[in-house]
Amino acid sequence: MATGREILEARGGLGADVIAVRVGADVVDLMTSLPEGTSPSDVVPIRASDPDGLAVIRHSTAHVMADAVQRLFPGTQVTIGPAIDNGFYYDFARPSGQFTDEDLEKIEAAMRDIIGGNHDFRREVVSRPEAESLFSKLGETYKLEILAGVSEPITLYRHGGWVDLCAGPHVPNTRFLRAVKLTHVAGAYWRGDERNPMLQRIYGTAFATDAELAAHLAHIEEAKKRDHRKLGKELGLLGFHPWAPASPFFLPRGAALYSLLVDYVRALYREHGYSEVVTPQVYDIELMKRSGHYDNYREGMFFAVTADGGELSEPEKEGDAPRFTGDVRWGVKPMNCPGHCLLYAMDKRSYRDLPMRIADFGRLHRYERSGVTQGLTRVRTFAQDDAHVFCTFDQVADETRDFLGMLDRVYRDFAFEDVRIALATRPERSLGTAEQWTLAEETLAHAVRSAGREFVVNPGEGAFYGPKLEFQLKDALGRPWQLGTIQVDFNMPERFGLEYTGADNVAHQPVMLHRAILGSIERFLGVLIEHVGGHFPAWLAPEQVCVVTVSEKFNDYAREAIGSLRAAGLRVASDLGGDKLGAKIRNARAFRYPYLAVVGGREAEQRGLAVRQGDADLGFLTLDAFAARVRAESVAPSLRLSSPI
RNA sequence: GCCAUCUUAGCUCAGGGGUAGAGCAACGGUUUCGUAAACCGUAGGUCCGGGGUUCAAAUCCCCGAGAUGGCUCCA
C-alpha cells in the first residue's frame, strides 16, 4: 500500500509545510505505508501549524533533544519523551551529575547542529528479539522495560545515527524543526511513581515558526506578571511567614477582598435558600473515626495535643521539635461535613424540613506535603463556600440542577469562560457498596445531561465517600484548577445514623450533598487575581476609588469629599501627601483602583471630582453623581436586578 | 516526601574569601504643583537559621527551614 506522501503527491497536494497525514482518527507520518484498503480520499494532510502537526513537531524535537543529550553526556539513558500541551519533555537517567541551565544552552546548540544536518526520520518495523538485542546492546534498560509492555508492531525511529523505540509519528526531516527552545529541568519519577528512581526531565517547546515561538514565550512572560503571588505582594493583599508554611496572611486589602467575596456568596445563599452555620474547629478524634476520615484521610490531617494528660518535653538538640508523650485525642477539621452531620442530628428532622441546606465558611486545615504547596492555590489552611444539602434521594436531581444554575451565575459574574465539568468516579479507597456508587454516579451524570451540559469522566478521582462533579477553570498560566464541586454521599448519613421522618411516619435516611462553587476561597482568589490581572471590578475591589489632591492646599476639601463618599457607602482610599499629581497618579494606578478621582481648585469650587476609570477620562462629576454611579456597580451583576440600590 | 534552583535593607535586585551596595519605599526638610516618578538630606542589615573549613565566610562545605519549577498529557 502507498504511503501518505505518495498519495498526496499523486494528488499534487504535498505542500512544503505538510508534515504528516490524518487517516480517520490516526495521525500517520508521510513515510509510513497506509493500511490496505485506505481510500486516498480519507488521507488528509496535516500542516506544521495544525494542532496535530504541532504535536508531531514537538515529539520529533524531543528525539533530537535526546540525541543531543546522549552526544554531550555519554552513558545517559533515555526513557520517555512525549509531546505535551505546551511543548514536550524527555526523561533521562543520567548516571552522575545533574543538568544545569548552562547545559540546556549546550544541548540547544547541539540540537541546532543536528537539525541543520537535514536528517530524514526513518521508520522501521522490527521483531521483538531484534528490538531487545538492539536496546540491550545500547544499554538502554528503561527502553527494554518499556519494550516488555508494548504490543506489536514494534517500531523504531531513526534520524542520523540516533535510534529510539517509538510509536511515532514524526516529521519527514529534521529541517521541519525550526523554532525550538528548552525551558527548564525538573526531577520526575520513573513512571510517575515515587517508589521508582528519580529521573531528570528536560522540558522544552517547539513551534512551526519562530514568530509563534516568540509569541508563546511572550505569553508566558505576560502570565508571570499576573502571577497572584507577585500581584498579592504588590497590591498589599497577602503575606506569608516561614512559621506558618503554606498558610496565607490576608493583609487589610486582601481581607477586604476576602470578605466581599464571602458576602457575595451569602447574598446568593439568601436567594437559593441556604442557612449559614458556625461549627467547631477541633473535634474529638471519635468524630473522624465515625466519619471515616481517620481511616481514609489521616495523612491529610493535622492533629492537636494538649498538656492535659500528656507530657511536652523540650528537645535534646537545638532545632528539633519538642516531643509529646500522651494521647492524641483531637483532630483539626479538614472538612465541615462530619460536624454538619452532628448538627443535623441535633434535632428530629421531618421530610418537611428537607432539603436542608447548611452553609459553613469554617476554616479548614489539611496537611499538604511540603513540595506541593504553592501561593494561594495549594495551601494548608483555607475556607470553602461549603454547604451540605440534606435531602431525599428524589430531591438529588433538582438540587443538582439548582446548583448548576447557581454555578453558572457565579462564573458569569466573574466572567470565567471555558469551565469544564468532570465526573469523578469511585476511587480505590472508598466507603459504601458498588450499587450505591453506581446509583450516585448515574444520578449526577443525568443531572448534568438534563441541564444540557457536557462532561468528561475522571475514573477513580471521586472522594472516598462518594462520586463528584468537578468544575475546572484555568489560571493565567494555563494551569487547570478544580474550583466548584458537588458530591453525592450516601455513606456519611449512614455512618452517623441520620434520619428524617417521612410522610409515611417512618424513619428514612437522607442523602447528603457536599457542594461548593468557588471551592477554596483562597484558591479562587488566586485564580481570580490572575484572571483580572489585579483589576478587580468595583463590587469586589478593596477600595473602589482613590482620591488624590493636586496639592496639599486642597486636602481640606478632599477630606470633606472622602467623608461624603464614605457616607454614601463607597470604599475610598486617598493620597493627600506632598507628591506631585503625576506621581500620585502613577502610584494609584499601580494599585489598580477601579476609579481615580483628582481634586484641585476647580473641583473644590464646584463640589465634585475629576474622575478617570482606568485609562478612560470621565471628566467632572459631582460627588452625588459619582457616588450613585459607583453604588450601582457595587453589587455583582447577577444580583443587581434583585437588589434595591 | 523526592529532584533541581533560590533566600542580601520594607520592596526589586547587584556583589561572591579581606570594612555591606544601588534604585524605589520610609523618615526629616524644601517645593504647593492639573493627570504615569520634584529636589536635598537622614536612617535602615543576624547577607534565611545552625554547624564546619580558614588568619579571615554573606561568599566554600555540611545540616535544617522556607520559597520556586517539576514528579506518566505514558514507547
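Naming: A, B, ... by sequence-line order, numbering from 1 per chain.
Residue E454(A) places its CD atom among 12 or fewer non-hydrogen atoms of other residues, nucleotides or ligands, all under 6.0 Å distant.
For the residue pair D91(A) and Y142(A), no side-chain donor N or O sits within less than 3.5 Å of a side-chain acceptor on the partner.
One interatomic measurement links the two molecules: CZ of R378(A) to P of A67(B), which rounds to 13 Å at whole-angstrom precision. Atom CG in L182(A) sits roughly 16 Å away from atom C1' in G70(B) (whole-Å rounding). In this entry the distance linking CG of D91(A) with C1' of C73(B) reads 12 Å, nearest Å. Distance K580(A) NZ to U31(B) P: 14 Å, rounded to the nearest Å. Following rounding to the nearest Å, L576(A) (CG) and C33(B) (C1') show an atom-to-atom distance of 15 Å. In this structure, E461(A) places its CD atom 14 Å from C1' of C73(B), rounding to the nearest Å.
At the heavy-atom level, A590(A) lies nowhere under 4.0 Å from the strands shown. Residue contacts for G619(A): at a heavy-atom cut-off of 4.0 Å it reaches no nucleic acid atom on any strand shown. Within the nucleic acid shown, A167(A) comes within 4.0 Å of at least one base atom, counting heavy atoms only. Among the atoms of the strands shown, base atoms are found under 4.0 Å from some heavy atom of P153(A). Nucleic acid contact for G81(A): none, since no nucleic acid atom lies under 4.0 Å from a heavy atom of the residue. Across all strands, Q98(A) comes closer than 4.0 Å only to sugar-phosphate atoms, never to a base (heavy-atom distances). Counting non-hydrogen atoms under 4.0 angstrom, A188(A) reaches the backbone sugars and phosphates but no base. I80(A) comes within 4.0 angstrom of sugar-phosphate atoms only, judged by non-hydrogen atoms across all strands, and of no base. A588(A) comes within contact range of no nucleotide atom at all, as no heavy-atom separation falls under 4.0 Å. Among the heavy atoms of the strands lying under 4.0 Å from G601(A) is at least one base atom, whether or not backbone atoms are also near. Residue contacts shown for E368(A) are absent, as no nucleic acid heavy atom lies under 4.0 Å away. Base contact: V372(A) has a heavy atom under 4.0 Å from a base atom. Among the protein residues, G600(A) comes within range of the nucleic acid bases, having at least one heavy atom under 4.0 Å from a base atom. T373(A) comes within 4.0 angstrom of sugar-phosphate atoms only, judged by non-hydrogen atoms across all strands, and of no base.
Regarding contacts with the backbone of U35(B), every side-chain N or O of R586(A) stays at 4.0 angstrom or more from both OP1 and OP2. Remark: R592(A) is not in phosphate contact with A36(B), judged by side-chain N or O atoms under 4.0 Å from OP1 or OP2. In this structure, Y203(A) reaches the C71(B) phosphate: one of its side-chain N or O atoms is under 4.0 Å from OP1 or OP2. Contact between the side-chain N/O atoms of Q374(A) and the OP1/OP2 oxygens of A67(B) is not found at any separation under 4.0 Å. The phosphate of U12(B) has OP1 or OP2 within less than 4.0 Å of a side-chain N or O from K233(A). The phosphate of C3(B) (OP1 or OP2) has no side-chain N or O of R201(A) nearer than 4.0 angstrom.
Comparing U35(B), C71(B), A67(B) by their nearest atom to the side chain of P245(A) picks out A67(B). Comparing atom distances between the M198(A) side chain and each of A67(B), U35(B), C3(B) picks out C3(B) as nearest. With distances taken from any side-chain atom of P242(A) to the nucleotides A37(B), A36(B), A65(B), the minimum falls on A65(B). Counting only heavy atoms from C-beta on, R602(A) has its side chain closest to G34(B) among G34(B), A4(B), G69(B). Nearest to the side chain of S551(A), among C33(B), C71(B), U68(B), sits C33(B). Listed nucleotides A67(B), U35(B), G69(B) differ in distance to H184(A); the shortest reach to its side chain belongs to G69(B). Side chain of E603(A), nearest nucleotide from A37(B), C73(B), G34(B): G34(B).
Between W162(A) and the choices H119(A), H63(A), Q70(A), the side chain to side chain donor-acceptor pair (under 3.5 Å) rule is met once, by Q70(A). Checking L565(A), V545(A), T622(A) one by one against L609(A), the side-chain contact (heavy atoms from CB on, under 4.5 Å) holds for a single residue, L565(A).
Between K584(A) and T100(A), the residue anchored nearer the 5' end of RNA chain B, judged by the nucleotide with its closest heavy atom, is T100(A). Annotation: of the two residues near RNA chain B, E194(A) and F554(A), the 5′-most nearest-nucleotide partner is E194(A).
Between Y297(A) and H293(A), the two ring planes are perpendicular [angle over 60°; tilted spans 30° to 60°]. Between H159(A) and F121(A), the ring planes lie tilted relative to each other; the angle falls in the 30° to 60° range.
Using a 4.0 Å cut-off between charged side-chain N and carboxylate O, E132(A) and R128(A) make no salt bridge.
In the interface, the side chain of Q200(A) is not paired with the base of G70(B) through any donor and acceptor atom under 3.5 Å apart.
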Practice problem: Go ahead and write out RNA chain B as dot-bracket, 5' to 3': ( ) for pairs within the strand, [ ] for ones crossing earlier pairs, | when the partner sits on another strand, dots for unpaired; Watson-Crick or G-U wobble, both distances under 3.5 Å. | Solution: (((((((..((((....[..)))).(((((.......))))).....(((((..]....))))))))))))....
Exercise. Decide side chain to side chain contact (heavy atoms under 4.5 Å, CB included) for F303(A) and R298(A); before the verdict, give the C-alpha distance in whole Å, the side-chain angles of both, and the deciding distance to 0.1 Å.
Key: CA-CA 9 Å; F303(A) 292 92; R298(A) 209 180 340 185; 3.7 Å; yes
Quiz item: Passes side-chain hydrogen bond (donor to acceptor under 3.5 Å, both in side chains), E461(A) versus Q482(A)? Steps please.
Solution: CA-CA 12 Å; E461(A) 295 286 313; Q482(A) 188 214 305; over 6 Å; no
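For F73(A) and F99(A), the distance between ring centers is under 6.0 angstrom.
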